[in-house]
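Single-structure report; data block below.
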Amino acid sequence: MALSISLTVNGKPVTATIEPHLLLVQFLRNQLRLTGTHIGCDTAQCGACTVHLDGRAIKSCNILAAQADGMEVTTIEGMVKDGQLHPMQAAFKECHGLQCGFCTPGMVMSASALAAQSPNLTEEEVREQLDGNLCHCSGYHNIMKAVLLGAQAMKAGA
Ligand code: FES
Ligand code: FES
C-alpha cells in the first residue's frame with residue numbers, strides 16, 4: 001500500500017508517493033537523488049546518514065520517510081547558501097577535516113546542529129556529542145579542530 005507524503009527538503013516543498021517501509025535515507029538518495037547523505041552501516045552506528053529534521057540532527061537510516069511527513073529536512077546539499085559554503089563546511093575544508101569524504105556530510109550535519117544548539121562548544125563536548133559519527137580516515141584530530149572553528153564562525157555570523 002503506497003502512502004502520500006508532503007515535506008520540505010532543502011527549503012523546497014516535496015510531495016511523493018512511497019511505500020510505508022521506505023527509510024528516509026533511501027527516499028533522499030533513491031527518490032530525490034540527494035546522494036550526499038550516505039549509508040555506512042545497517043545498525044544505526046556510523047552516522048554517515050545524518051540529516052536535520054526540523055533542525056535536529058537525526059540518523060536518516062533509522063526513521064521511515066513516512067515519519068518525516070509534514071516536517072522540514074535539510075541535507076548536506078541544502079547547506080550551501082548563495083554559492084557560499086556553510087561555515088561548518090568551510091571549517092572542514094580549512095582544517096583538512098576530511099579525507100575520503102564518506103563520513104563528511106553526516107559529520108557536517110551533526111556538527112552544525114550541535115554548534116547551533118551549544119554555541120560555546122568545548123573539545124570534550126564535541127567528542128562526546130559526535131560519538132554517533134564514525135570516521136575511518138582522519139583519526140578525528142582535524143575533525144575536532146574543524147568543528148570548533150566552525151562553531152566559532154557560526155557564532156560570529158549569528
Ligand atoms: S547508515 Fe550508519 S547510522 Fe545511518
Ligand atoms: S574522511 Fe573517510 S571516513 Fe571520514
Side-chain angles (χ1 to χ4, degrees), residues 3 5 7-10 14 16 18-80 84-118 121-154:
L3 289 177
I5 58 169
L7 63 167
T8 304
V9 180
N10 297 335
V14 172
I18 55 158
E19 292 298 322
H21 60 264
L22 188 73
L23 297 173
L24 180 59
V25 69
Q26 296 168 326
F27 174 67
L28 294 170
R29 289 179 53 84
N30 303 342
Q31 238 159 297
L32 303 187
R33 307 304 298 159
L34 293 169
T35 54
T37 303
H38 293 151
I39 302 170
C41 72
D42 56 11
T43 48
Q45 280 173 315
C46 75
C49 62
T50 307
V51 300
H52 295 174
L53 187 65
D54 281 354
R56 284 179 55 214
I58 57 115
K59 292 180 174 179
S60 62
C61 72
N62 216 23
I63 81 161
L64 298 170
Q67 290 174 284
D69 187 28
M71 298 181 85
E72 205 162 309
V73 176
T74 305
T75 68
I76 192 69
E77 290 88 349
M79 294 297 270
V80 171
Q84 296 286 317
L85 293 180
H86 183 280
M88 193 57 79
Q89 291 176 303
F92 270 71
K93 183 179 174 200
E94 170 79 23
C95 298
H96 302 284
L98 63 147
Q99 290 177 32
C100 78
F102 192 87
C103 71
T104 317
M107 284 286 179
V108 167
M109 299 315 282
S110 286
S112 56
L114 176 63
Q117 187 193 319
S118 330
L121 278 179
T122 62
E123 182 168 337
E124 203 183 340
E125 275 174 298
V126 177
R127 286 198 186 277
E128 200 178 288
Q129 298 291 327
L130 257 59
D131 73 348
N133 290 79
L134 305 182
C135 176
H136 292 280
C137 305
S138 71
Y140 300 100
H141 183 69
N142 288 351
I143 290 180
M144 189 60 51
K145 288 204 282 187
V147 175
L148 293 172
L149 181 71
Q152 272 175 21
M154 283 172 65

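Below, each value reflects all heavy atoms present in this structure, side chains not excepted, and no hydrogens, waters or symmetry copies. Note that ligands are numbered from 1 as they come in the structure, with each ligand's atoms numbered from 1 the same way.
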field: Identity and separation of the nearest protein heavy atom to atom 1 (S) of ligand 1
entry: Gly40 N, 3.4 Å
- prompt: Which of the atoms in ligand 2, numbered in the order shown and given with their element, are less than 4.0 Å from a heavy-atom of Gly101?
  reply: 1 (S), 2 (Fe)
- request: Can you figure out which of Gly106, Gly97, Cys137 has its heavy atom closest to atom 2 (Fe) of ligand 2?
  value: Cys137
pair Thr37-Met109: side-chain heavy atoms closer than 4.5 Å: no
message: Any heavy-atom pair between the side chains of Tyr140 and Met107 that's under 4.5 Å?
response: yes
query: Is there an N/O/S atom in Cys135 at a distance below 2.8 Å from atom 4 (Fe) of ligand 2?
result: yes
Non-hydrogen atoms of Ala65 and Ile18 that approach each other most closely: CB-CD1, 3.8 Å
- prompt: Is atom 2 (Fe) of ligand 1 less than 2.8 Å from an N/O/S atom of Cys46, whether that atom is in the backbone or a side chain?
  reply: yes
- line: Here the pair of heavy atoms bringing Thr104 nearest to Leu98 is OG1-CB, 3.3 Å
task: Please determine if atom 4 (Fe) of ligand 2 has an N/O/S atom from Cys103 lying under 2.8 Å away.
output: yes
- prompt: Going through the checks in order, is the side-chain hydrogen bond (donor to acceptor under 3.5 Å, both in side chains) test met by Thr43 and Gln45?
  reply: CA-CA 6 Å; Thr43 48; Gln45 280 173 315; 2.9 Å; yes
query: If you count the atoms of ligand 1 from 1 in the order shown, which ones are under 4.0 Å from a heavy atom of Cys49?
result: 1 (S), 3 (S), 4 (Fe)
N, O or S from Cys61 under 2.8 Å to atom 2 (Fe) of ligand 1: no
statement: Shortest non-hydrogen pair, Ser112 vs Met154, comes out as O-CE, 3.4 Å
- request: Would you check if the side chain of Glu77 reaches a backbone N or O of Gly36 as a donor-acceptor pair within less than 3.5 Å?
  value: yes
query: How far is atom 3 (S) of ligand 1 from its nearest protein heavy atom, and which residue and atom is that?
result: Gly47 N, 3.1 Å
